[in-house]
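This report refers to the structure that appears directly beneath it.
Order of the sequence lines fixes the chain letters, A, B, ..., with proteins taken first and strands second; residue numbering starts at 1 for each chain.
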2 protein chains.
Amino acid sequence: MTSTPLSRSEAKDLTRRRLIRAAFAILDEEGEAGLTTVKVSKAAGIAQSSFYVHFKDRQELLRALGEQAGERLRGAMREARHRAREVPGDKERHREAFRIPLEAICRHPALFRLGLRARHDPSSPLQEFAVETAAAYRAHLVADLASFGFPTERESDRRRLEMIADGIGALTNAMAIGHIDGRYPDLEEAVDVLVAFSYGYLRLLRKDSSAWSGNPPSTPSDAPPAEVCPEPGESSKKGNL
Amino acid sequence: MTSTPLSRSEAKDLTRRRLIRAAFAILDEEGEAGLTTVKVSKAAGIAQSSFYVHFKDRQELLRALGEQAGERLRGAMREARHRAREVPGDKERHREAFRIPLEAICRHPALFRLGLRARHDPSSPLQEFAVETAAAYRAHLVADLASFGFPTERESDRRRLEMIADGIGALTNAMAIGHIDGRYPDLEEAVDVLVAFSYGYLRLLRKDSSAWSGNPPSTPSDAPPAEVCPEPGESSKKGNL
DNA sequence: CGATTCACCGATAGTACTATCGGTGAAAAA
DNA sequence: TTTTTCACCGATAGTACTATCGGTGAATCG
């Protein structure tokens, strides 16, 4: 029991953090439909009406959740980039480029799931942000792949690169979900599979250009696959069909 | 205007179909949160209270949506399997094996999105079914891959096969979404990318066994990637983190 | 110390939804 | 034709949620 009496502002901040923590938990367990001021407040141990001391309305809570998720994601990306630079040896660096985003995802499984869900949910205020984050991740992978000799002259080259980046992200997400769900307990096996798939698109490089040795982009690592954040406001309906 | 007066039961059936059609549209536009008896009934052109003439409650509507989605999915799978058998030539059959599920998905984009969303949404009554359908699709791909010489003796072999199947599904989904969203307008380019990735895991086959010629499982086609259906009741919460 | 601030409380107005009920008229059965 | 059935209607009870308001006491300030 560390009972420093806490100043008023410290106490308020603590309560706010409790609210956000509770909100993440509910979001993860029940999805966005379950995220009511009643439940969040109760879970945080305050009266429902006191919710409005900390947030203007329900939307502002969601915005806060988004910002926090984005912050954590960027932190994980930074760290991943840093780590990838320090790995010795081509082959091991190749593996590391796939292992790092996997680990980054598995460090925040709830956050990851949240982003994955929001990305396909037009009712989620986090959808727009999740979609944009996914696009940003693809763009980063594209830059990495291009810097390793994949052709980018023609429009079709660039589109193909975009598709490959998309595929790498999807594969990484699938392996991460499998690991989180307990179906693939050994993360190294997941890395094996990602490496195996990677030899597929690397063939394209060998065929088109020739100045290359056999390992992949130094840091496809960079962003944990595109899943996590928000920063909503309005979810842009996307109409299909 | 074709005005056969319609018998009573025909009229009722028509109304029911209108309700289901409206429900799918709302689900696709607003997600599950927007699926209320008020909106569905209004969109179908009947009074809210009349909703209960056709469905016992809201859950029963969701169950019906699930059954219908499942039916369509199974139909698409059957057709895909049938088509794949009739393609001549190894290389073209290889491409077809990837093209068929892509086309099956793109024929029902709303359904596909719905399944993709439900799969990650614990609040969705369709989650359990979506997850099970995904697992069934993986199992099918695993059987196909095994029949083409991938080793399955050891537990780790089987797990690796499962992971590869998972990856193929994820890649197919990613390409399909990209196409539906308009980012990859040419479906043949998407097939190109899937084929490119496939050379990655096919290396494993060439290495381990040797009796093989260079084209992939005849029908990874089989199920359009694991996305579509429901058949809920209760969504089994999956707790992670 | 006395005055002020403010995080929190309970109560409640207002809104949106689910589900039920009795009534109605046209189709179907007799 | 007469009777019965039933798909649909409007009204409404009941529930769950959002957001506001005035009150309270402890921390903070003068």
Checklist entry - How would nucleotides 7-12 of chain D be written as a contact map, 5' to 3', with B for base contact, S for sugar-phosphate-only contact and - for no contact, using protein heavy atoms under 4.0 Å? => result SBBBB-
Next on the checklist: Please tell me whether A:Thr37 and A:Gln48 have a donor and an acceptor in their side chains that are separated by less than 3.5 angstrom.
Outcome noted: yes
Next on the checklist: For a side-chain contact (heavy atoms from CB on, under 4.5 Å) check, start with the C-alpha distance between B:Val191 and B:Leu194, then their side-chain angles and the critical distance, and finish with the verdict.
Outcome noted: CA-CA 5 Å; B:Val191 175; B:Leu194 291 177; 5.6 Å; no
Within this structure, what is the [atom1]-to-[atom2] distance between [X] and [N], rounded to whole angstrom?
X	N	atom1	atom2	answer
A:Arg58	C:dA16	CZ	P	14 Å
B:Asp57	C:dC17	CG	C1'	14 Å
B:Leu35	C:dA16	CG	P	18 Å
B:Leu61	C:dT18	CG	C1'	13 Å
B:Gln59	C:dC17	CD	P	17 Å
A:Tyr52	D:dA19	OH	P	4 Å
B:Ile26	C:dC17	CD1	C1'	14 Å
B:Lys56	C:dT18	NZ	P	14 Å

Checklist entry - Distance from A:Phe197 atom CZ to B:Leu171 atom CG, nearest 0.5 Å? => result 5.5 Å
Item to check | For A:Asp13, all residues meeting salt bridge (charged side-chain N to carboxylate O under 4.0 Å, His left out), sequence neighbours excluded | outcome: A:Arg17
Next on the checklist: With a sphere of 6.0 Å drawn around NZ of A:Lys42, does it hold more than 12 non-hydrogen atoms of other residues, nucleotides or ligands?
Outcome noted: no
Which pairs would a plain distance check flag for residues 161-169 of chain A, meaning a side-chain donor or acceptor within less than 3.5 Å of a matching protein atom at least two apart in sequence or in another chain?
unit_1   : atom_1 : unit_2   : atom_2 : d
A:Glu162 : OE2    : A:Arg138 : NE     : 3.1
A:Asp166 : OD2    : B:Arg183 : NH1    : 3.4
A:Asp166 : OD2    : B:Tyr184 : OH     : 2.5

